[in-house]
Participant: 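Take this structure first; my questions come after.
Just so you know, these numbers come straight off a predicted model, no measurement behind them. Hydrogens, waters and symmetry mates play no part in the numbers below; they use all other heavy atoms, side chains included. A, B, ... follow the sequence lines: proteins, then strands. Residue 1 opens every chain.
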Amino acid sequence: MTAARRRYWLMKSEPDVYSIDDLKRDRKTMWDGVRNYQARNLMRDDMSVGDPVLFYHSNAKPMCIAGLAEVASKSYPDPSAFDRKDKHYDPKSDPENPTWMLVDVKHVATFEAPLTREMLAAEPALADMMLLRRGSRLSVQPVTAAEFKVVQALAKRAAKAAGA
DNA sequence: GCCAACGTTGGC
DNA sequence: GCCAACGTTGGC
């Protein structure tokens, strides 16, 4: 057994559809409905159980990193791809050889003060973060260890400021 | 609501 | 294999 290098991720969700509060309530959820090959490949090939995940609220007011989650399973076929009634049903995906894979994600912490996109954009250390790049639509993104550290520090600072 | 960015589809 | 048309994401 070789220990996998710890990797860090950011996953986007529209809070109107599924928010960090929903994740907290559910404790754990299937990250279903992803229909982008790049995002799938990251979940299928690169994620390990225990990897930290930044939970991002997209298309929201405010847009923000709302908290911390964690990869809670290995990848497995996305059942919503086989459900005719599901919005993300994919008739081309063969259950014998599934196209779409997902992982379970579990709630770790909801930030006391959400880190708004504005705050992130104002942080020089995050200048190269994929999330902040123009036109970056990928809903599952890698985050560097350095970026993750900075986000954690910002979250701590924001919580302090909010509580003070 | 607009539209830039980008992925997918399908004709050729 | 190219590329135009189209659909979606998601910030603004």
Participant: Would you say a side-chain N or O of Lys12(A) is under 4.0 Å from OP1 or OP2 of dT9(C)?
Facilitator: no
Participant: Rounded off to whole Å, could you give me the CG-to-P distance for the Leu120(A) and dC12(C) pair?
Facilitator: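 Whole-Å distance recorded here is 11 Å.
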Participant: Listing time: all N or O pairs from protein to nucleotides 3-6 of chain B that are below 3.5 Å?
Facilitator:
| residue | atom | partner | partner atom | Å |
| --- | --- | --- | --- | --- |
| dA4(B) | O3' | Arg134(A) | NH2 | 3.0 |
| dA5(B) | OP1 | Arg134(A) | NE | 2.9 |
| dA5(B) | OP1 | Arg134(A) | NH2 | 3.3 |
| dC6(B) | O2 | Arg137(A) | NH1 | 3.1 |
| dC6(B) | O2 | Arg137(A) | NH2 | 2.8 |

Participant: Can you sort out the partners of Ala146(A) under side-chain contact (heavy atoms from CB on, under 4.5 Å), two or more places apart, ordered by chain and number?
Facilitator: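 Ala146(A): side-chain contact (heavy atoms from CB on, under 4.5 Å) contacts with Thr144(A).
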Participant: Can a donor-acceptor pair be found, under 3.5 Å and without considering hydrogens, that links the side chain of Asp86(A) to the backbone of His88(A)?
Facilitator: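 Yes: the side chain of Asp86(A) pairs with the backbone of His88(A).
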Participant: Expressed in angstrom and rounded to an integer, what is the separation of Met130(A) atom CE from dG10(C) atom P?
Facilitator: 13 Å
Participant: Report yes or no: do Gln141(A) and Ser136(A) form a side-chain donor-acceptor pair below 3.5 Å?
Facilitator: yes
Participant: Please enumerate all residues that pass salt bridge (charged side-chain N to carboxylate O under 4.0 Å, His left out) together with Glu147(A), with sequence neighbours excluded.
Facilitator: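 Applying salt bridge (charged side-chain N to carboxylate O under 4.0 Å, His left out) to Glu147(A) gives none.
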Participant: Can you check the His57(A) NE2 to dG11(C) P distance for me, whole Å?
Facilitator: 12 Å
Participant: Rounded to whole angstrom units, what separation is found between the CG atom of Leu131(A) and the P atom of dG11(C)?
Facilitator: 7 Å
Participant: Is Arg35(A) salt-bridged to Asp90(A), going by a charged N under 4.0 Å from an acidic O?
Facilitator: no
Participant: Rounding to a whole Å, what distance do you find between Gln38(A):CD and dT8(C):C1'?
Facilitator: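 Rounding to the nearest Å, CD of Gln38(A) and C1' of dT8(C) are 15 Å apart.
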Participant: For His88(A) and dG7(B), give me the distance from atom NE2 to atom C1', rounded to whole Å.
Facilitator: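 Spelled out: NE2 on His88(A) to C1' on dG7(B) is 16 Å.
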Participant: Please compare Asn59(A) and Lys92(A) by the position of their nearest nucleotide in DNA chain B and report the one closer to 5'.
Facilitator: Asn59(A)
Participant: With a 4.0 Å limit, can you tell me whether Arg117(A) has a side-chain N or O closer than that to the phosphate oxygens OP1/OP2 of dC12(C)?
Facilitator: yes
Participant: Does a side-chain N or O from Tyr56(A) land closer than 4.0 Å to OP1 or OP2 of dG11(C), or not?
Facilitator: yes
Participant: Output the rounded distance in Å from NZ (Lys61(A)) to P (dC12(C)).
Facilitator: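 Checked: the NZ to P distance equals 13 Å.
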Participant: Leu138(A) has an atom CG; how far is it from atom C1' of dT9(C), in whole Å?
Facilitator: 11 Å
Participant: Aromatic ring centroids of Tyr37(A) and Trp100(A) under 6.0 Å?
Facilitator: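 Tyr37(A) vs Trp100(A): aromatic centres under 6.0 Å.
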Participant: Can we call the ring centroids of Tyr76(A) and Trp31(A) under 6.0 Å apart?
Facilitator: no
